[in-house]
Amino acid sequence: MSPLSPSSPHPIPPVPPLASRARRRSAAVTAVVAAALAAGLLAVPQSASAAEIRVHDIQGATRVSPLAGKDVTGVPGIVTAVRAFGSARGFWVQDPRPDRSPATSEAVFVFTGSSTPKVAVGDAVEVSGTVTEYYPGGADAGLQSVTELTRATWTVRASGQPLPAAFTLDSAAVPRRYAPTAGEGESIESLPLRPGRYALDRYESLEGMRVAVRNAPVVGATSEHKELWVTAEPYQDRTARGGVLYDSYRKPGSGRVKVASLIPYAERPFPVANVRDRLAGVTSGPLDYDQFGGYEIQATELGELVDGGLSRERTRPQHSRELAIATYNVENLSPKTPRAKFGRLAEGLVRDLASPDIVALEEVQDDNGPTNDSVVSADATLRQLTEAIKAAGGPSYSWRQIDPADDQDGGQPGGNIRNAFLFNPERVSFTDTAGGDATTPVRVVDRDGEPALSASPGRIDPANEAWRASRKPLVGEFTFRGQPVFVVANHFNSKGGDQGLDSRFQPPRHGSEVQRIAQAKAVNAFVKDVLEIKPRASVVVAGDINDFQFSPALDALTDGGVLTDLVNKLPKRERYGYVYNGNSQVLDHILTSKGARRAEYDIVHVNAEFADQASDHDPQVVRIRY
């Protein structure tokens, strides 16, 4: 799996359910505010009375409160929602008497920790406490802060009061420009909010306030943690199947917003939604900022789920003269994976992918999965998968792979994920050449004017620092209708550690891409070695590259025109196979050399857009005519 932002390290650690997420608290003020306080630029009293301070004074017109670290007393407002579960309990209070500035939020979250607050929606309260900037995941995570009142006390002055009207998020309210800039990797916290110009500023100016979306299209399916993504801009950059297309660093889908629920699930089950569904009517609640990326409506009112009728795709079978090569990230597959997942992957390979001749697999774990010991073999994993394929009516696939050195290839600790090949021996043959192991680099050799491998299967340049704690590319030599075909299975390093699209650093720095660029250069050099001997050789590079078709890593991989990234041959609205934070994007690729001509390419949408997934990646296939 791999997300668009650091979000999506590869593999992504599992996200705990909302009710059990521990929110680490820190009263540390950002460097900007701390410096201002130290310099005496913020002359704030240690405490202030209700006559002096209202919620908009606490929120201020930037991302960080001008009162951060200070005590306030008697701040008035109406309780609009209560979080009464988990370790991040509290309530939102909103001032029914807003100021005239669109940049200042009129609401704030009152944090009560693991204690259920004794307030009710509609209570008019006066709250005292310490103004705190909470950084989800800790300050080093790079996300935006949430202004809160901590160590709070309050007095209920009246009950049953009308709630402030919800602010409607729609195309008129949410700008298409996504974020202001402060320089690559630099913080925008000190910049004044301009909610009429930037989407991130609009959301920040509404932090904690009641907001609403109406008839909202679902653009990110319901996760196991009971969250989904909708868009407030239904006509912006949509995919052919109803998602939001991410095809440029400058266009991350400004209308995307996450939806969670404060309604008890026993009272109102959370909707199980796919892309193209919609939440009809009104979905509303306070606007929060989530630890795992994005602004989030904590719904107190949920629209009715309307089925959009999205169905899983099936690619056509290959003809007798076509070689079908697929790539599929099977997401930490091991014998400890539930048997049902093996069955679903098998059915997808047979039914939806039409039994490709060669399959490049990523995230195949060792024979005891995440148990962290010295086991590195994956024969049991691959045997169970190929048996499931046979049971689903598919061919009797053979496999080739190389065991990695223990705990040297990244991924889930103890899992020893690696790339592997499945192939149908009734359609293709594999050229076995001894000598391939975890540390020996494969070389391209000249055999009577034809390129060949010093080891098949082999690993490309495994000692190169580019592959540190990352999967090494697996290359194999196949023969189809008498023609040699070189296939490289890849799984480049994850985006873990990158600054997120919605972070406080704009534009975000993509630190992880430095390693992917180096990895791409190593694979590109290998392909050039093949083509130097035979310029029209058939080379197919496939797998989870963990980067976008417009990224520097893909530029490095295709350098010199030796490879064509086939995703760019698709209509623009079909260029995606992974959905992260409501953005439909490209992470997996199939690239071909000029010798692999007459290629027909297809991303087969069977997973990423659906709540019920066999993997978080969509597989893809190329059919090459020989």
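For reference, positions follow the sequence shown, starting with 1.
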Taking side chain as C-beta onward, heavy atoms only, is K472 less than 4.5 Å from P404?
no
Is the ring pair F423/F430 parallel, tilted or perpendicular, if the boundaries are 30 and 60 degrees?
parallel
Any carboxylate oxygen within less than 4.0 angstrom of a Lys/Arg side-chain nitrogen, looking at D432 and R400?
yes
Short N-O contact, K251 and D237, less than 4.0 angstrom:
yes
Does this structure show an ion pair linking D502 with R256, if we count only N-O contacts that are shorter than 4.0 Å?
no
Polar side chain donor-acceptor pair, N419 to H491, under 3.5 angstrom
no
Verify the neighbour count for atom CD of E184: are there more than 12 heavy atoms of other residues, nucleotides or ligands below 6.0 Å?
yes
What I'd like to find out is whether the side chain of S398 reaches to under 4.5 Å of the side chain of T386, using heavy atoms alone.
no
Looking at E347 and R312, is any side-chain nitrogen of the basic one under 4.0 Å from a carboxylate oxygen of the acidic one?
no
Option from E609, Q585, Q549 for which side-chain hydrogen bond (donor to acceptor under 3.5 Å, both in side chains) with Y576 holds:
E609
Compare all side-chain heavy atoms of Y601 with those of L570 and state whether any distance is below 4.5 angstrom.
yes
Can you tell if the side chain of I590 reaches within under 4.5 Å of the side chain of V540, non-hydrogen atoms only?
yes
With no hydrogens and no angle check, just 3.5 Å: does a side-chain donor-acceptor pair link Q519 and S470?
yes
R598 vs R321 side-chain heavy atoms within contact, under 4.5 Å
no
Do R468 and E465 meet the salt-bridge criterion of a basic N to acidic O distance under 4.0 Å?
yes
Quiz question: by atom type and distance under 3.5 Å, do the side chains of Y246 and N581 form a donor-acceptor pair?
no
Fit a plane to each ring of Y580 and Y578, take the angle between them on a 0 to 90° scale, and name the class: parallel (under 30°), tilted (30 to 60°) or perpendicular (over 60°).
parallel
N332 and Q365: side chain donor to acceptor below 3.5 Å:
yes
Residues D559 and K528 bridged, charged N to O under 4.0 Å
yes
Does a donor on one side chain and an acceptor on the other come within less than 3.5 Å for R623 and T315?
yes
Heavy-atom side-chain proximity of E331 to H617 below 4.5 angstrom:
no
Is there a side-chain contact between W399 and R383, using heavy atoms and a 4.5 Å cut-off?
yes
Just wondering, do D618 and D588 contact through their side chains at under 4.5 Å, heavy atoms?
no
Any carboxylate oxygen within less than 4.0 angstrom of a Lys/Arg side-chain nitrogen, looking at D547 and K495?
yes
Assess the pair H510 and Y249: is the distance between their ring centroids shorter than 6.0 Å?
yes
Salt-bridge contact R471-E362 (side-chain N to carboxylate O under 4.0 Å):
no
